[in-house]
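Take a look at the structure below.
These numbers come from the heavy atoms of this one structure, side chains and all, not from hydrogens, waters or symmetry mates. Labels below follow one simple rule: chain letters A, B, ... track the order of the sequence lines, proteins then strands, and each chain is numbered from 1. Here the structure is a predicted model, which means the values were calculated and not measured.
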Protein chains: 2
Amino acid sequence: MRISEQAKQENRSRILDKAAEIFNSKGFEDSTTRDIALAAGLAAGTLFNYFPSKETLAMTMVSEALVQGREDYLRRCTGREELAEELFLFVASGLRRLRPLRPFLGPVLERSLSPFPRKNVCQEGETARQEHLAAVQSILARHGFTEAPDYVAMTMYWSLYLGILAFWSNDTSPNQEASQALIDYSIRMFVQLISGSGADKGEADAS
Amino acid sequence: MRISEQAKQENRSRILDKAAEIFNSKGFEDSTTRDIALAAGLAAGTLFNYFPSKETLAMTMVSEALVQGREDYLRRCTGREELAEELFLFVASGLRRLRPLRPFLGPVLERSLSPFPRKNVCQEGETARQEHLAAVQSILARHGFTEAPDYVAMTMYWSLYLGILAFWSNDTSPNQEASQALIDYSIRMFVQLISGSGADKGEADAS
DNA sequence: ATACAAAAGTGAGCGCGCTCACAAAATACA
DNA sequence: TGTATTTTGTGAGCGCGCTCACTTTTGTAT
């Protein structure tokens with residue numbers, strides 16, 4: 001069992017390695033699970049003993065990248081940042097870790113993170129979303145927003161975040177400055193939203 | 001040629017009718033193009049003489065609904081509305097027409113309207129997005145925003161709009177009040193964004 | 001009518017993600 | 001060691017969206 005356990009881990013990481021390679025060279029949709037399995041030295045069906053779907057396989061990499069991004073953020077965060085500043089740091093840390101996966105991220109994030117209701121949800125995606133939102137909530141809490149923001153605010157946050165991911169994932173501007181501007185505006189907007197409705201929720205009355 | 005032309009149109013609309021029926025009863029993903037073609041009295045392959053893909057078939061219905069929604073909006077619009085009010089009317093008019101398609105909208109909108117880069121883009125989806133955004137721009141223009149808002153603003157608008165669609169498409173609250181609140185906040189946020197464009201951090205408040 | 005070209009319909013078949021009945025190997029127990 | 005049990009690997013095969021070589025129908029010109 002020990003030896004087998006180790007062999008399993010090796011198989012798993014060999015699948016992940018080869019998958020990353022193939023996804024990066026041909027994109028997500030043009031890569032086949034058969035190719036990946038064979039490249040990892042396994043039969044076609046065996047891949048699904050390790051990952052229940054092609055989507056989950058890809059999202060596993062995304063998930064790990066986002067976890068590392070979160071760790072980076074915690075390491076880099078001094079605790080003296082403004083709210084917007086800290087949110088920016090958090091988002092940017094995630095993107096930095098996603099960078100190597102960029103060539104094949106589009107279809108994966110679209111399927112796994114989008115809030116549209118679907119038949120077969122990918123658990124990795126759900127988890128990634130929840131953990132991201134939980135992190136945001138904890139940042140808010142540390143900045144004095146003790147009551148959890150309502151569903152409207154968090155729904156809007158997620159929409160904006162997905163928009164950032166989508167834009168960033170094919171941003172060809174030199175240093176992704178275009179994305180930086182988008183992140184900047186999105187976060188500022190979000191901060192403004194929760195600042196304005198935090199006390200008296202719902203009655204903002206603009207007209 | 002006359003008769004055949006008419007037959008073609010009949011086939012086309014029979015496909016659309018049966019597709020709507022089947023999509024509504026089994027959802028988009030569980031419906032097969034074979035079933036739809038047979039239900040329309042055609043061979044499996046013939047369907048693709050009329051629509052290049054299953055996605056396009058579904059998006060054709062969405063597209064038509066959105067066009068009708070736009071007409072409704074033009075009809076109902078008095079021209080004396082506030083900007084936010086008019087945007088709300090515009091968005092709500094679209095949703096009203098999409099209502100009958102709601103049971104199968106999720107996967108369709110996710111694939112066709114999402115801004116994530118993809119291999120095979122569905123032309124119907126691209127067009128729908130462009131027309132929607134053009135309508136928004138013209139509303140803005142009529143309210144004094146003569147210079148076209150920059151890509152950041154429009155990107156954020158589209159993110160928020162997609163979020164609204166996603167939330168609304170499985171909003172089970174009695175009269176979709178939950179969605180109404182989301183639309184309200186999203187639009188107000190967007191108006192604030194373009195009003196204060198170039199404005200500095202947060203505090204500005206509404207004037 | 002007849003011949004012919006263009007348009008429309010057909011269904012076998014492809015490659016995909018994924019399943020599943022079974023085979024092989026690893027482990028547990030005697 | 002030998003046997004039973006569980007775990008892991010295998011690849012034929014399914015159903016899907018979609019293609020394409022072919023047949024049938026339609027329209028035109030003689």
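Nearest heavy atoms, L57(A) versus I36(A): CD2-CD1, 4.2 Å.
In this structure, K18(B) forms no cation-pi arrangement with F23(B), as its terminal cationic atom is not both closer than 6.0 Å to the ring centre and no more than 45° off the ring axis. Cation-pi geometry between R102(B) and W168(B) is satisfied (NZ or CZ under 6.0 Å from the ring centre, within 45° of the ring normal).
Not counting sequence neighbours, the partners of E55(A) by the salt bridge (charged side-chain N to carboxylate O under 4.0 Å, His left out) test are R118(A). Here E71(B) pairs with nothing under the salt bridge (charged side-chain N to carboxylate O under 4.0 Å, His left out) rule; sequence neighbours left out. Every residue was checked against the salt bridge (charged side-chain N to carboxylate O under 4.0 Å, His left out) condition with D17(A), not counting sequence neighbours, and none meets it. Judged as a ring-ring contact (aromatic ring centres under 6.0 Å, His included), and not counting sequence neighbours, the contacts of F90(A) are Y73(A), H132(A).
Residues from residues 25-36 of chain A with heavy atoms under 4.0 angstrom of DNA chain C, sorted by number: S31(A), T32(A), T33(A), R34(A). Residues from residues 39-56 of chain B with heavy atoms under 4.0 angstrom of DNA chain C, sorted by number: L42(B), A43(B), G45(B), T46(B), N49(B), Y50(B).
Between the CZ atom of R12(B) and the P atom of dA7(C) there is a distance of 19 Å, rounded to whole Å. What separates CZ of R14(A) from C1' of dG9(D) is a distance of 13 Å, to the nearest Å. One atom, CD1 of I15(A), and another, P of dG17(C), lie 14 Å apart when rounded to the nearest Å. Summarising the geometry, the separation between CG on L38(A) and C1' on dC18(C) is reported as 15 Å, rounded to the nearest angstrom.
N11(B) has a side-chain polar atom (N or O) that falls below the 4.0 Å cut-off from OP1 or OP2 of dG9(C).
T46(B) contributes no side-chain N or O that, together with a main-chain N or O of L42(B), makes up a donor-acceptor pair within less than 3.5 Å.
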